[in-house]
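Computed from a predicted model, the values in this text were never measured in an experiment. Side chains are part of it too, since the values below use all heavy atoms of this structure and drop only hydrogens, waters and symmetry mates.
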Amino acid sequence: MTVQLKSLDNQSPVSADVATTLTTKKNRYVPLNHRRILCIFPKYSRSFGTFHHAYPLMGNVKAFMPPQGILIVAAYLPQAWEVRFIDENLRAAKKADYQWADVVIVSGMHIQKPQINQINQLAHQAGKITVLGGPSVSGCPEYYPDFDILHLGELGDASDRMIEYLDQNLQRPSQQIRFTTQERLPLTEFPTPAYHLLNLDHYFLANVQFSSGCPYRCEFCDIPELYGRNPRMKTPEQVVAELDAMRQSGNLGAVYFVDDNFVGDRRAAMQLLPHLIDWQKRNGYPLQFACEATLNLAQSPKLLAMMREAYFCTVFCGIETPEPEALHSISKDQNLSMPILEAIKVLNSYGMEVVSGIIIGLDTDTPETADRILEFIRLSQIPMLTINLLHALPRTPLWRRLETEGRLIFDDSRESNVEFLLPYEQVVAMWQRCITKAYEPEFLYQRFAYNMEHTYSNRIALPNSPARTSWANIRKGLTYLTNILLRVGVLGNYRQTFWQMAKPALKTGNIENLIHVGLVGHHLIKFAQDCARNEESASFYSQKIRH
């Protein structure tokens, strides 16, 4: 639904959707009024990917990664406006926060829909105008009928129109207004995210975006439709500036490139990497890097050599399934360009630990699929796999196919919205068996031991630079190590297995790897134990209500 507005150029009546198609101004809009903007990122429901079991071992850490999107919006708002940012994974917005604000801006993903709508209700109770942007509303605006303004699409001409509207209107509109981006702001013009509004010490990882979009068309993925198939890039100088800004906002240990595919444009990645290498050398290698990439990265030795020198230590690959027929059925043929196990060994040889996505519930699954997945885990020696039940996202080929076949089910008591070809209870039991077996302490620690010997040892030797040996780093390491030794080694229910790994590491001074395995392994083991008690969701995207 759109409402008639007066054009901010000529006072003639036009709809909000039409207004966003008008020619964008070359110069940014200069506001006439002062505004106080409250940017809120909703709390996540607990899941495998939130790493919540590791936080008690890490002192001040309370959330996984800072939300890039809304921090960019906060930085894009007029500098003359006051902006506050609240990540509700750290603390909930209070009544006083809503009372302070003129406008409340929210962003989030589908899994956060209940929390997004709850924020809208609280803002309206305080009499504030609300704006919603981000991937969920851009994909499904119908999910959010009660917000005052919807920003659909990426940063661009709609953002400028929204700012102009908020500068001239503070009363809630009688009907919902939608601003739809027609001209996206080039990534080369994106501002540095507003890291000054938060403390990065409160996050498990920091993150950076280099590109947007992915050239592949995996059936279950909504990235190509939301962000396009031709990857768009920031400049290397932008990325380096963001790393500098991050270091001013906290004592980072690792930075994750959240690109949908870090090597979606390999030429651009090759241009970026020398800048990352130079930055690491100038700053004494203060960070580890991680990224998401297609498995065929293993066929680019020159790229891998540069990533190794830049100190990329982890790469997430959407392997999804070890079964070739299944990969073909979900349009994941890029994983078939070389044997999967061979590709993993290649990545390991450059010092990169592989993290894998695994999907259960594909149409090609059989009663033997769980056995094949567990055997793949044993052979691949991958420690961490995001074993997830298939869930159809809107605006994906999977959604459209299942909709045509009448196989979408909207039932909050289920773990997935997909009607599987195998019986539902059997598929959920396969997922539970895979995730609990994969993260039995002995089996998990065997895979970590393999990576300590065959992966971590292939990383470059780092200098004992001031950035790495600072008192802040030493204090953080001591905090982590003390908590791991106490909470896992003394109080943990798998402490015997832990000490079999920890004693040799302590004797050889391999503290960094001990901390890595202690933190990550603890979350994986505890999460799997929760899954065995039916206390966790089988899909990251599940809307199943758990008490």
*Asks:* Hey, are the side chains of Tyr439 and Gln529 touching, using non-hydrogen atoms and a 4.5 Å cut-off?
*Replies:*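 No, their side chains stay 4.5 Å or more apart.
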*Asks:* Specify the closest pair of heavy atoms between Tyr350 and Pro301, including all atoms of both residues, with the distance to one decimal.
*Replies:*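 Closest heavy-atom pair between Tyr350 and Pro301: OH-CB, 3.7 Å.
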*Asks:* Just by distance, with hydrogens left out, do Glu442 and Tyr494 show a side-chain donor and acceptor under 3.5 Å apart?
*Replies:*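 No pair is found: no donor N or O on one side chain lies under 3.5 Å from an acceptor on the other.
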*Asks:* Parallel, tilted or perpendicular: which fits the ring planes of Phe527 and Phe48, with parallel below 30° and perpendicular above 60°?
*Replies:*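 If you compare the ring of Phe527 with that of Phe48, the planes turn out perpendicular.
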*Asks:* Answer yes or no: are there more than 12 heavy-atom neighbours, outside Glu237 itself, under 6.0 Å from its atom CD?
*Replies:*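 Yes, because the 6.0 Å sphere around CD of Glu237 holds more than 12 heavy atoms from other groups.
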*Asks:* Apply the side chain to side chain contact (heavy atoms under 4.5 Å, CB included) test between Val255 and each candidate in Leu205, Asn207, Val208; give the one that qualifies.
*Replies:*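 Of Leu205, Asn207, Val208, side chain to side chain contact (heavy atoms under 4.5 Å, CB included) with Val255 is met by Val208 alone.
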*Asks:* Let's go through Tyr480 and Met58 carefully: what are the C-alpha distance in whole Å and the side-chain angles of both, what is the deciding distance for side chain to side chain contact (heavy atoms under 4.5 Å, CB included) to 0.1 Å, and is it a yes or a no?
*Replies:* CA-CA 5 Å; Tyr480 291 2; Met58 302 178 71; 3.4 Å; yes
*Asks:* Give the minimum heavy-atom separation between Trp431 and Cys531, together with the two atoms involved.
*Replies:*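 Distance-wise, the nearest heavy atoms are CH2-SG, 3.6 Å.
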*Asks:* Roughly how far, to the nearest 0.5 Å, is CD of Glu242 from OH of Tyr195?
*Replies:*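 If I round to the nearest 0.5 Å, the distance is 5.0 Å.
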*Asks:* Within a reach of under 6.0 Å around CG of Asp244, are more than 12 heavy atoms found that belong to other residues, nucleotides or ligands?
*Replies:*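 For Asp244, atom CG is crowded (more than 12 foreign heavy atoms under 6.0 Å).
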*Asks:* Checking Arg372 against Phe376: charged group under 6.0 Å from the ring centre and within 45 degrees of the axis?
*Replies:*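 No, Arg372 does not lie over the aromatic ring of Phe376.
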*Asks:* Please tell me if the side chains of Leu506 and Trp499 come closer than 4.5 Å, counting only heavy atoms from C-beta onward.
*Replies:*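 Heavy-atom side-chain distance check passes, below 4.5 Å.
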*Asks:* Could you tell me whether Glu342 and Lys345 make a salt bridge, using a distance below 4.0 angstrom between a side-chain N and a carboxylate O?
*Replies:*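 Here Glu342 does not pair with Lys345 in a salt bridge, since their nearest N and O are not under 4.0 Å apart.
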*Asks:* For the residue pair Arg475 / Asn251, report whether a side-chain donor-acceptor contact shorter than 3.5 Å exists.
*Replies:*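 There is no such pair (donor and acceptor under 3.5 Å, judged by atom type) between the side chains of Asn251 and Arg475.
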*Asks:* Under 4.5 Å between any side-chain heavy atoms of His275 and Val239, yes or no?
*Replies:*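 When only atoms from C-beta onward are counted, Val239 and His275 do not touch, as no gap falls below 4.5 Å.
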*Asks:* Search all heavy atoms of Gly108 against all heavy atoms of Gln112 and return the closest pair with its distance.
*Replies:*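 Minimum heavy-atom contact is CA-OE1, 3.4 Å.
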*Asks:* Between the side chain of Arg447 and the main-chain N/O of Ile377, is any donor-acceptor distance below 3.5 Å?
*Replies:*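 Absent.
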*Asks:* Ignoring hydrogens, what is the shortest heavy-atom contact between Ala467 and Pro286? Give both atom names and the distance.
*Replies:*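 Scanning both residues completely, I find the closest heavy atoms to be CB-CB, 4.1 Å.
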*Asks:* Look up atom CG in Asp530 and atom CD in Glu535, then write down how far apart they are to the nearest 0.5 Å.
*Replies:*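 If I round to the nearest 0.5 Å, the distance is 5.0 Å.
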*Asks:* How about Leu276 and Leu273: do any of their side-chain heavy atoms sit closer than 4.5 Å?
*Replies:*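 With C-beta onward as the side chain, the pair touches.
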*Asks:* Check whether any side-chain N or O of Gln68 sits under 3.5 Å from a backbone N or O of Pro193 as a donor-acceptor pair, and report yes or no.
*Replies:*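 Not at all, since once roles are kept as given, no pair shorter than 3.5 Å links the two residues.
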*Asks:* Check the orientation of Tyr285 and Tyr311. Use parallel for under 30°, tilted for 30 to 60°, and perpendicular for over 60°.
*Replies:*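 The rings of Tyr285 and Tyr311 stand perpendicular, inter-plane angle above 60°.
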*Asks:* How close do Thr294 and Asn296 get, counting heavy atoms only, and between which atoms?
*Replies:*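 Smallest heavy-atom distance, with atoms named: OG1-OD1, 2.7 Å.
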*Asks:* Assess the side chains of Thr386 and Asn388: does a donor N or O sit below 3.5 Å from an acceptor N or O?
*Replies:*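 No - no donor-acceptor pair under 3.5 Å links their side chains.
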*Asks:* Would you compute the distance between atom CG of Asn483 and atom CG of Leu485 and round it to the nearest 0.5 angstrom?
*Replies:*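 Answer for the CG-CG pair, Asn483 versus Leu485, is 9.0 Å.
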*Asks:* Using a 4.5 Å cut-off on heavy atoms from C-beta on, say whether the side chain of Pro215 contacts that of Pro231.
*Replies:*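 A side-chain contact exists here, since the closest heavy-atom pair is under 4.5 Å.
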*Asks:* May I ask you to check whether over 12 heavy atoms, not counting those of Arg267, lie within 6.0 Å of atom CZ?
*Replies:*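 No, not enclosed.
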*Asks:* Below 4.5 Å, heavy atoms only, C-beta onward: do Cys218 and Ile330 meet side chain to side chain?
*Replies:*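 They are not in contact (no side-chain heavy atoms under 4.5 Å apart), so the answer is no.
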*Asks:* Just wondering, do Arg84 and Trp100 contact through their side chains at under 4.5 Å, heavy atoms?
*Replies:*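 Heavy-atom side-chain distance check passes, below 4.5 Å.
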*Asks:* What pairs with His516 under ring-ring contact (aromatic ring centres under 6.0 Å, His included), at least two apart in sequence or on another chain?
*Replies:*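 In terms of ring-ring contact (aromatic ring centres under 6.0 Å, His included), with neighbours along the sequence ignored, His516 is linked to Phe448, Tyr456.
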*Asks:* Check the pair Asn335 / Tyr216 against side chain to side chain contact (heavy atoms under 4.5 Å, CB included), numbers first and verdict last.
*Replies:* CA-CA 11 Å; Asn335 279 2; Tyr216 299 105; over 6 Å; no
*Asks:* Is it the case that more than 12 heavy atoms not belonging to Gln496 sit under 6.0 Å from its CD atom?
*Replies:*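 Count not over threshold, so no.
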*Asks:* Under 4.0 Å between a Lys/Arg side-chain N and an Asp/Glu carboxylate O for Arg459 and Glu512?
*Replies:*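 No, no charged N to carboxylate O under 4.0 Å.
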*Asks:* Would you please classify the geometry between the Phe64 ring and the Phe51 ring as parallel, tilted or perpendicular, with 30° and 60° separating the classes?
*Replies:*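 Correct class here is parallel.
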*Asks:* Going through the distances and angles, do Tyr98 and Ile119 end up as a side chain to side chain contact (heavy atoms under 4.5 Å, CB included)?
*Replies:* CA-CA 10 Å; Tyr98 289 107; Ile119 292 170; 3.6 Å; yes
*Asks:* Do the side chain of Asp87 and the main chain of Pro66 share a donor and acceptor less than 3.5 angstrom apart?
*Replies:*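 No; judged by distance alone, with no hydrogens or angles, the pair does not exist.
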*Asks:* May I ask you to decide whether Glu309 forms a salt bridge with Lys281, counting only side-chain N to carboxylate O separations under 4.0 Å?
*Replies:*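 Answer for the salt bridge query: yes.
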*Asks:* Under 4.0 Å between a side-chain nitrogen and a carboxylate oxygen: does that hold for Lys94 and Asp97?
*Replies:*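 No, this pair does not count.
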*Asks:* Looking at SG of Cys434 and CD1 of Ile387, how far apart are the two atoms once the value is rounded to the nearest 0.5 Å?
*Replies:*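 With rounding to 0.5 Å, SG (Cys434) is 6.0 Å from CD1 (Ile387).
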*Asks:* Just by distance, do the side chain of Glu88 and the backbone of Ala93 share a donor-acceptor pair under 3.5 Å?
*Replies:*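 A pair under 3.5 Å: yes.
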*Asks:* Which word best sums up how the rings of His523 and His53 line up, parallel for under 30°, tilted for 30 to 60°, or perpendicular for over 60°?
*Replies:*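 If you compare the ring of His523 with that of His53, the planes turn out tilted.
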*Asks:* Ignoring hydrogens and geometry, is there a side-chain-to-backbone donor-acceptor pair from Asp259 to Ser211 under 3.5 Å?
*Replies:*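 Side chain of Asp259 to backbone of Ser211: a pair is present.
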*Asks:* Do Thr482 side-chain atoms and Thr479 backbone N/O form a donor-acceptor pair below 3.5 Å?
*Replies:*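 Checking the backbone N and O of Thr479 against the side chain of Thr482, no donor-acceptor pair under 3.5 Å is found.
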*Asks:* Report yes or no: does Asp260 contribute a side-chain atom to a donor-acceptor pair with the main-chain N or O of Gly213 at less than 3.5 Å?
*Replies:*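 A pair under 3.5 Å: yes.
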*Asks:* For residues Ala254 and Leu287, report the shortest heavy-atom separation together with the two atoms involved.
*Replies:*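 What the structure gives for the nearest pair is N-CD2, 4.4 Å.
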*Asks:* So, do Thr188 and Gln238 sit near enough that their side-chain heavy atoms are less than 4.5 Å apart?
*Replies:*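 Side-chain contact under 4.5 Å: yes.
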*Asks:* Mind running side chain to side chain contact (heavy atoms under 4.5 Å, CB included) on Val83 and Cys39 for me, showing each step along the way?
*Replies:* CA-CA 7 Å; Val83 180; Cys39 295; 4.0 Å; yes
*Asks:* Within the 3.5 Å criterion, strictly below it, is a donor on Thr469 or Asn464 matched to an acceptor on the partner's side chain?
*Replies:*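 Not at all, the side chains of Thr469 and Asn464 share no donor-acceptor pair under 3.5 Å.
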*Asks:* Can we call the ring centroids of Tyr256 and Phe316 under 6.0 Å apart?
*Replies:*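 Not close enough - the centres of the two rings lie 6.0 Å or further apart.
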*Asks:* Donor-acceptor pair, Glu154 side chain versus Arg184 backbone, under 3.5 Å?
*Replies:*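 No; zero donor-acceptor contacts below 3.5 Å.
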*Asks:* Keeping the roles fixed (side chain from Ser349, backbone from Val346), state whether a donor-acceptor pair exists under 3.5 Å.
*Replies:*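 Yes, Ser349 side chain to Val346 backbone: donor-acceptor pair under 3.5 Å.
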*Asks:* To the nearest 0.5 Å, tell me how far Asp265 CG sits from Leu272 CG.
*Replies:*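 That separation rounds to 11.0 Å.
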*Asks:* Rounded to the nearest 0.5 Å, how far apart are CZ of Phe443 and OG1 of Thr497?
*Replies:*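 So the CZ of Phe443 and the OG1 of Thr497 are separated by 14.0 Å.
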*Asks:* Keeping Asn510 on the side-chain end and Ala505 on the backbone end, is there a donor-acceptor pair under 3.5 Å?
*Replies:*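 A pair under 3.5 Å: no.
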*Asks:* Ignoring hydrogens and angles, state whether a donor on the side chain of Asn348 or Tyr450 is under 3.5 Å from an acceptor on the partner side chain.
*Replies:*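 No - no donor-acceptor pair under 3.5 Å links their side chains.
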